[in-house]
Peer 1: 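The following block contains the structure, expressed as structure tokens.
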Amino acid sequence: QVQLVESGGGLVQAGGSLRLSCAASGRTFSNYAMGWFRQAPGKEREFVAGINWNGGLTYYADSVEGRFTISRDNSKNTVYLQMNSLKPEDTAVYYCTADPALTSGIVAGRGQNWGQGTQVTVSS
């Protein structure tokens, strides 16, 4: 099991930026693909971004492509989500997830490990 702890959420005005962090512990971080999902009130959880073990391959949801950037630092066991040009519709609880597989695991929403989430609220 991998333990995941998200941080960096908060309240920001539309057009602003936030950077989320997810610190991992428990297993060898570089063995895992990582990703971010989000869930808004009354909506299903949706994929936001995913990254492979060494950062060489990334995937993004169409709704965040060009505004959000996922990255990782294996020396710090941390994955990041840089969110720019935020919109009110980005308001959600953001969750970090880890899985050995990027496409069949992370992107498919079948990650083995999940964090508790961090709230992001974008005001108009």
Side-chain angles (χ1 to χ4, degrees):
Q1 289 290 328
V2 177
Q3 290 75 48
L4 304 171
V5 179
E6 303 95 335
S7 61
L11 174 64
V12 64
Q13 288 188 335
S17 298
L18 280 175
R19 189 176 80 155
L20 305 183
S21 298
C22 173
S25 62
R27 290 290 179 95
T28 303
F29 183 66
S30 58
N31 286 346
Y32 289 83
M34 301 295 295
W36 291 93
F37 279 70
R38 67 187 181 186
Q39 187 168 20
K43 295 187 177 182
E44 292 188 356
R45 187 174 60 188
E46 64 174 358
F47 170 77
V48 175
I51 189 167
N52 75 332
W53 70 277
N54 66 355
L57 182 61
T58 57
Y59 288 98
Y60 295 94
D62 290 344
S63 58
V64 307
E65 181 84 50
R67 299 189 298 123
F68 291 10
T69 302
I70 188 171
S71 62
R72 65 189 295 161
D73 186 338
N74 287 349
S75 69
K76 297 181 178 179
N77 291 355
T78 302
V79 63
Y80 305 97
L81 185 67
Q82 178 67 43
M83 305 186 295
N84 298 329
S85 302
L86 282 161
K87 304 175 182 179
E89 51 263 44
D90 294 318
T91 295
V93 177
Y94 283 70
Y95 297 91
C96 176
T97 182
D99 193 271
L102 177 57
T103 52
S104 62
I106 299 298
V107 178
R110 300 191 187 102
Q112 294 179 353
N113 307 276
W114 294 84
Q116 294 299 308
T118 185
Q119 176 70 47
V120 172
T121 303
V122 184
S123 63
S124 57

Peer 1: Without swapping roles, check the side chain of Thr78 against the backbone of Lys76 for a donor-acceptor pair under 3.5 Å.
Peer 2: yes

Peer 1: Short question: side chain of Glu6, backbone of Gly117 - any donor-acceptor pair under 3.5 Å?
Peer 2: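 Pair found, side chain donor or acceptor close to backbone of Gly117.
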
Peer 1: List the atom of Ala40, the atom of Ala92, and the distance in Å for their closest heavy-atom pair.
Peer 2: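 For Ala40 versus Ala92, the nearest heavy atoms are N-CB, 3.8 Å.
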
Peer 1: What's the separation between atom CG in Leu57 and atom OG1 in Thr103, rounded to the nearest 0.5 Å?
Peer 2: 8.5 Å

Peer 1: Hey, any chance Leu18 and Ile70 share a hydrophobic cluster, counting ILVMFWY side chains that come within less than 4.5 Å of each other, even indirectly?
Peer 2: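 Yes, it is one cluster - the side chains of Leu18 and Ile70 are joined through contacts under 4.5 Å.
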
Peer 1: Do any pairs count as a ring pair (Phe, Tyr, Trp, His ring centres under 6.0 Å) and have a residue in residues 97-124, sequence neighbours left out, and if so which ones?
Peer 2: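 Non-adjacent pairs meeting ring pair (Phe, Tyr, Trp, His ring centres under 6.0 Å): Phe37-Trp114.
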
Peer 1: Supply the atom-to-atom distance Gln39 CD to Tyr95 OH, rounded to the nearest 0.5 angstrom.
Peer 2: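 Gln39 CD to Tyr95 OH: 5.5 Å, rounded to 0.5 Å.
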
Peer 1: Could you tell me if the side chain of Gln82 sits less than 4.5 Å from the side chain of Leu20, heavy atoms only?
Peer 2: no

Peer 1: Applying the 4.5 Å side-chain criterion to the ILVMFWY set and letting contacts propagate, would Val122 and Val64 be lumped into a single cluster?
Peer 2: yes

Peer 1: Establish whether Phe47 and Phe68 are linked, either directly or via other cluster members, by ILVMFWY side-chain heavy-atom contacts under 4.5 Å.
Peer 2: no

Peer 1: Could you report the tightest heavy-atom contact between Leu81 and Ala49, atom names first, then the distance?
Peer 2: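 Scanning both residues, the minimum pair turns out to be CD1-CB, 4.2 Å.
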
Peer 1: Which value, rounded to the nearest 0.5 Å, describes the distance between Arg110 atom CZ and Thr97 atom OG1?
Peer 2: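 Taking CZ in Arg110 and OG1 in Thr97, the distance rounds to 12.0 Å.
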
Peer 1: Backbone N or O of Phe29 within a donor-acceptor pair of the Arg72 side chain at under 3.5 Å?
Peer 2: yes

Peer 1: Quick one: does Asn113's side chain have a donor or acceptor within less than 3.5 Å of a partner on Gln1's backbone?
Peer 2: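 No; zero donor-acceptor contacts below 3.5 Å.
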
Peer 1: Under the 3.5 angstrom rule, does the side chain of Ser104 hit a backbone N or O of Ala101 as a donor-acceptor pair?
Peer 2: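 No, because the side chain of Ser104 does not come within donor-acceptor range (under 3.5 Å) of the backbone of Ala101.
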
Peer 1: Indicate, with yes or no, if Tyr80 and Leu102 share a hydrophobic cluster defined by side-chain heavy-atom contacts under 4.5 Å among Ile, Leu, Val, Met, Phe, Trp and Tyr.
Peer 2: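 In one cluster: no.
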
Peer 1: Answer with yes or no whether the hydrophobic clustering places Tyr60 together with Val79; edges join I, L, V, M, F, W, Y residues whose side-chain heavy atoms lie under 4.5 Å apart.
Peer 2: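 Yes, same cluster.
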
Peer 1: Atom CE of Met34 and atom OG1 of Thr58: how far apart are they, to the nearest 0.5 Å?
Peer 2: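 The CE atom of Met34 sits 14.5 Å away from the OG1 atom of Thr58.
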
Peer 1: List the atom of Asp99, the atom of Gly105, and the distance in Å for their closest heavy-atom pair.
Peer 2: OD1-CA, 3.6 Å

Peer 1: Once rounded to the nearest 0.5 Å, what's the spacing between atom NZ of Lys43 and atom CD of Glu89?
Peer 2: 8.5 Å

Peer 1: How close do Gly26 and Gln3 get, counting heavy atoms only, and between which atoms?
Peer 2: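 Gly26 and Gln3 have their closest heavy atoms at CA-OE1, 3.5 Å.
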
Peer 1: Can you give me the closest heavy-atom contact between Leu4 and Ala98, atom names plus distance?
Peer 2: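 Here Leu4 and Ala98 meet closest at CD1-N, 3.8 Å.
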
Peer 1: Keeping Thr118 on the side-chain end and Gly9 on the backbone end, is there a donor-acceptor pair under 3.5 Å?
Peer 2: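 Looks like yes, one N/O pair under 3.5 Å.
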
Peer 1: Tell me which pairs pass side-chain hydrogen bond (donor to acceptor under 3.5 Å, both in side chains) where either residue lies in residues 10-37, with sequence neighbours left out.
Peer 2: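 Passing the test, one end in residues 10-37: Ser17-Asn84.
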
Peer 1: Please test Asp90 against Arg38 for side chain to side chain contact (heavy atoms under 4.5 Å, CB included), starting from the C-alpha separation and ending with a verdict.
Peer 2: CA-CA 9 Å; Asp90 294 318; Arg38 67 187 181 186; 2.9 Å; yes

Peer 1: Please give me the minimum heavy-atom distance between Met83 and Val120, naming the atom from each residue.
Peer 2: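 Closest pair (atom of Met83, atom of Val120, distance): CE-CG2, 3.9 Å.
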
